[in-house]
There are 2 protein chains.
Amino acid sequence: MVTIKDVAREAGVSVATVSRALNGSASVTAQTRRRIAGVAARLRYVPHGAARSLVTRRTQTVGALLPDLFGEFFSELIRGVDVAARARGLQLLVSSSHGDAFEAATALRAMQGRVDGLLIMSPHVDAGFLREHLAPSVPAVLMNTSVSGKHYATLNIDNYGGAHAMTRHLLDRGYRDIAFITGPADNFDAAERLRGFRAAAKSARTQLLRGDFSEESGYRVGKQLVAAKQRPQAVFAANDMMAIGCLFALIEAGLRVPQDIALAGFDDIPIARYVNPPLTTVRVSIAALGQGALEQLVARIDAPDAPPRARTLDCEIVSRASSGLAAGPYQSLHQRPKSRKHHSSGEIS
Amino acid sequence: MVTIKDVAREAGVSVATVSRALNGSASVTAQTRRRIAGVAARLRYVPHGAARSLVTRRTQTVGALLPDLFGEFFSELIRGVDVAARARGLQLLVSSSHGDAFEAATALRAMQGRVDGLLIMSPHVDAGFLREHLAPSVPAVLMNTSVSGKHYATLNIDNYGGAHAMTRHLLDRGYRDIAFITGPADNFDAAERLRGFRAAAKSARTQLLRGDFSEESGYRVGKQLVAAKQRPQAVFAANDMMAIGCLFALIEAGLRVPQDIALAGFDDIPIARYVNPPLTTVRVSIAALGQGALEQLVARIDAPDAPPRARTLDCEIVSRASSGLAAGPYQSLHQRPKSRKHHSSGEIS
DNA sequence: TTTTCATATGAAAACGTTTACATTCGGCCG
DNA sequence: CGGCCGAATGTAAACGTTTTCATATGAAAA
């Protein structure tokens, strides 16, 4: 391995001068700078990141702790983070907690000292967990969390508002008897979506069906609905994958969507527009979530003592055929239509 | 920040003993070990990764350089890598080259000294690029590359074999007039798939239509086909996204798939099973690709002087309704059916 | 009792940077 | 012509670990 000493020796200067020349900072003659740059290039010198981090206390790396890496949601999220990170010259260290609190703790520990800040999204992470496993000196931004924004920077999707708006959307279309497929019991997003549904559907006939965000659970619920003696007019699933599972169960049974039963989801994952009929859903700009979280984190790294912010990201209703809209013109994944925004909630703290 | 010195002072021992106790290695009394562990826990001591890396020459981190992070393919790939990495206690540093050779070089440089090894997949990376930007001391595994396995460890999908098998599959089903939608001109996978198609379709009537792996390009080709005076009996797209774009163009024009025209893709991205009709395609286990690559990398890190291996991953044909199969029972994303494997190619070097 | 030896612990070097401080050098002002 | 100043460069400390080597301690062997 070629180190800064090799470059210094070869260029006939001290290591300090090499460091200065290569970092472009202090006063170095243009001539020596050129000479050093030449030698460094010839030797293929690459500074040792760990050594540099040790003294500068900066790693130029941010960590992202996610519950899982499976599926389109996290793919989009990581992409959003990556875009914002690369714009700032930051590297991205990813890790998944795999639904296990112990693994989450391990990952968190492993990342400390390797990153300048942390993006955290995990159902097991609550205030106590953080106090236990996260050094107060490490800047962090929590996503989709129930943890109060009082002590930590947070960035949440407006789950409540989105679910509320979608429920109103269904009511507006004349559906008066609406079933809601819930998410996992301990999930914050799921709870908020249910809360939004309940608040908006007070006047309607409703029923709750238990799901867990998985496609299978949606399918099971669909089968239940098919077998039930009295079917609701519309089904609102707490996420798209369950809606899709449900859709397949309904279609298999020969029911027509939306004529026999309308359907709506939440997330607007890419698949949503490809199923038949295309799925009405609540769009959360997942990439924007990642991007926003990273920007918040950078702000926190730059000013660790500023009071943490608690941001909330708006959702919008995307009305497609599954809730009664006629099939529109073809639109590919990259030409997303702008739909109407529901009430804005915006900045809270 | 609490360092090893703080722990040592608090526990009344030297830093060396703390290090030994915490790393569990050398001879330390059970009693002192306990005392030190207690103090470390109380102080919430977390070793500084950079400092440790500096002296051990290990970062416990591997880097992955991908062309992009968009879409299901990379999501699956990263997941596969992550699973294998976590099994070995390795962290994962991701970066995307965004289709730009300069960015790829920058990312590559930024990663050196931060990782123990590199997973590289990028169309711009050829032998010359590597010689220029990758230190020979950094172990690396190249994925989906045209670079010879002579000097670098490589892991390729059996694009040729998969395309060959799919073409035979279409011929077996009686389609004698087959169009092929190509991928980008400079893409290695695309070229191999075309080669496989050509080799298998010698006896059939064929035509080539230019695409670029994007859904839009598939849609354009579909429109072309609809307008053409003589349509092929089947269309084989070099990837699923183009097949899906094409499918939408055909359906929009009122054509029935597969009755009027059969369709097949390549990759078996999750969406493939959700479109109507479900898409016949060539499955490459993307997660297995990522997993295999990481395992190869680990082997290379452990034995840098062993000759590099050039592995090839088998594909399998997944026959769904778009090529004439009757609609089967419902299957969710997690219950993937095992289909027949095409001829194995296996280990090459 | 003395010698030997294993075992537990400590002291200090090393890893590759950056940077505060010291030094050199030439030119300018008095 | 001498002292001073600023610019360019060098010296060495510091960052937080691990690890080699040395040392102390006690037990077993003689």
Side-chain angles (χ1 to χ4, degrees), chain A residues 1-37 39-40 43-61 91 109-116 135 137-138, chain B residues 1-37 39-40 43-61 91 109-116 135 137-138:
Chain A
M1 180 185 181
V2 36
T3 77
I4 199 172
K5 285 183 189 163
D6 301 318
V7 179
R9 181 165 11 84
E10 197 77 7
V13 294
S14 73
V15 291
T17 305
V18 175
S19 176
R20 282 191 277 256
L22 261 30
N23 293 324
S25 51
S27 52
V28 180
T29 320
Q31 188 194 345
T32 40
R33 187 185 301 272
R34 261 199 312 278
R35 187 170 78 248
I36 290 172
V39 171
L43 263 45
R44 303 213 189 302
Y45 167 67
V46 180
H48 192 283
R52 184 180 245 165
S53 302
L54 184 58
V55 55
T56 59
R57 331 286 295 161
R58 278 297 171 89
T59 61
Q60 304 293 5
T61 303
Q91 302 280 326
R109 292 179 61 89
M111 282 193 169
Q112 304 195 39
R114 295 183 185 285
V115 299
D116 294 337
S137 62
V138 179
Chain B
M1 180 187 182
V2 35
T3 75
I4 198 173
K5 285 182 190 165
D6 301 317
V7 179
R9 181 165 9 87
E10 197 77 5
V13 295
S14 73
V15 291
T17 306
V18 176
S19 175
R20 283 190 276 256
L22 261 30
N23 293 324
S25 52
S27 51
V28 180
T29 320
Q31 186 193 346
T32 40
R33 188 186 301 272
R34 261 200 310 279
R35 190 171 75 249
I36 290 172
V39 172
L43 263 43
R44 305 213 189 302
Y45 166 68
V46 180
H48 192 283
R52 185 179 243 165
S53 302
L54 185 58
V55 54
T56 59
R57 328 286 296 162
R58 276 297 172 91
T59 61
Q60 305 292 5
T61 304
Q91 301 281 324
R109 292 179 62 90
M111 284 192 166
Q112 306 196 36
R114 295 184 184 284
V115 299
D116 293 338
S137 62
V138 178

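Source: prediction; values computed, not measured. Letters A, B, ... are given to chains in the order of the sequence lines, protein chains preceding strands, and every chain is numbered from 1. Heavy-atom basis, side chains included; hydrogens, waters and symmetry copies ignored.
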Visitor: Let me know the distance between CD of A:Gln31 and P of D:dA7, rounded to the nearest Å.
Guide: 18 Å
Visitor: Would you say C:dT9 has OP1 or OP2 under 4.0 Å from some side-chain N or O of B:Thr29?
Guide: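 So the side chain of B:Thr29 is within the cut-off, an N or O lying under 4.0 Å from OP1 or OP2 of C:dT9.
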Visitor: List, with names and distances, any nitrogen or oxygen atoms from the protein found under 3.5 Å away from nitrogen or oxygen atoms belonging to nucleotides 11-15 of chain C.
Guide:
residue : atom : partner : partner atom : Å
C:dC15  : O3'  : B:Arg57 : NH1          : 3.1

Visitor: Specify the separation, in whole Å, of atom CG of B:Leu22 and atom P of D:dG16.
Guide: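 That distance rounds to 16 Å.
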Visitor: For the pair made of CD1 in B:Ile36 and P in C:dT9, what is the distance, rounded to whole Å?
Guide: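 My rounded result for the distance is 8 Å.
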Visitor: Calculate the interatomic distance between A:Ile4 atom CD1 and D:dA14 atom P; express it in whole Å.
Guide: 19 Å
Visitor: Let's see if you can work this out: which of C:dT17, C:dT9, D:dG10 has an atom nearest to the side-chain heavy atoms of A:Tyr45?
Guide: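 Nucleotide nearest to A:Tyr45's side chain: C:dT17.
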Visitor: Using OP1 and OP2 only, check whether a side-chain N or O of B:Thr17 sits under 4.0 Å from C:dG10.
Guide: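 Answer yes for this pair, as a side-chain N or O of B:Thr17 is under 4.0 Å from OP1 or OP2.
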Visitor: Check the distance between D:dG16's P and B:Asn23's CG and give it to me in whole angstrom.
Guide: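 Computing the B:Asn23:CG to D:dG16:P distance gives 17 Å.
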Visitor: Can you measure A:Arg33 atom CZ to D:dA7 atom P for me and round it to whole angstrom units?
Guide: 15 Å
Visitor: Taking only side-chain N and O atoms of B:Arg52, does any of them lie within less than 4.0 angstrom of OP1 or OP2 on D:dT18?
Guide: yes
Visitor: Quick check against the 3.5 Å criterion: does A:Asn23 have a side-chain atom that pairs as donor or acceptor with the backbone of A:Arg20?
Guide: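 Here the side-chain-to-backbone pair does not exist.
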Visitor: Any side-chain N or O of B:Ser19 less than 4.0 Å from the OP1 or OP2 oxygen of D:dT17?
Guide: no
Visitor: Is any side-chain heavy atom of A:Tyr45 less than 4.5 Å from a side-chain heavy atom of A:Ile4?
Guide: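 Yes - at least one pair of side-chain heavy atoms lies under 4.5 Å apart.
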Visitor: Any non-hydrogen side-chain atom of B:Leu22 less than 4.5 Å from a side-chain atom of B:Ile36?
Guide: yes
Visitor: Which part of the nucleic acid, if any, lies within contact of B:Ser53, taking any heavy atom under 4.0 Å across all strands shown: a base, the sugar-phosphate backbone alone, or nothing?
Guide: nothing
Visitor: In whole angstroms, how far is the P atom of D:dG16 from the CZ atom of A:Arg58?
Guide: 16 Å
Visitor: Starting from the C-alpha separation in whole Å, work towards a yes-or-no answer on side chain to side chain contact (heavy atoms under 4.5 Å, CB included) for B:Thr59 and B:Arg114.
Guide: CA-CA 6 Å; B:Thr59 61; B:Arg114 295 184 184 284; 5.6 Å; no
Visitor: From NE2 of A:His48 over to P of D:dT17, roughly how many Å is that when rounded to an integer?
Guide: 16 Å
Visitor: Name the pairing partner of D:dA14, where a pair is Watson-Crick or G-U wobble with both distances under 3.5 Å, or state none.
Guide: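 Partner of D:dA14: C:dT17.
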Visitor: Quick one, A:Val13 and A:Arg35 - any side-chain contact, counting heavy atoms below 4.5 Å?
Guide: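 Counting from C-beta outward, A:Val13 and A:Arg35 do come under 4.5 Å.
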Visitor: Out of curiosity, B:Met1 CE to B:His48 NE2, how far, rounded to the nearest 0.5 Å?
Guide: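 Here the rounded value is 4.5 Å.
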Visitor: Please determine if a side-chain N or O atom of A:Ser27 lies less than 4.0 Å away from the OP1 or OP2 oxygen of D:dG6.
Guide: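 Answer no for this pair, as no side-chain N or O of A:Ser27 is under 4.0 Å from OP1 or OP2.
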Visitor: Would you find a donor on one side and an acceptor on the other, under 3.5 Å apart, between the side chain of B:Thr56 and the backbone of B:Arg52?
Guide: yes
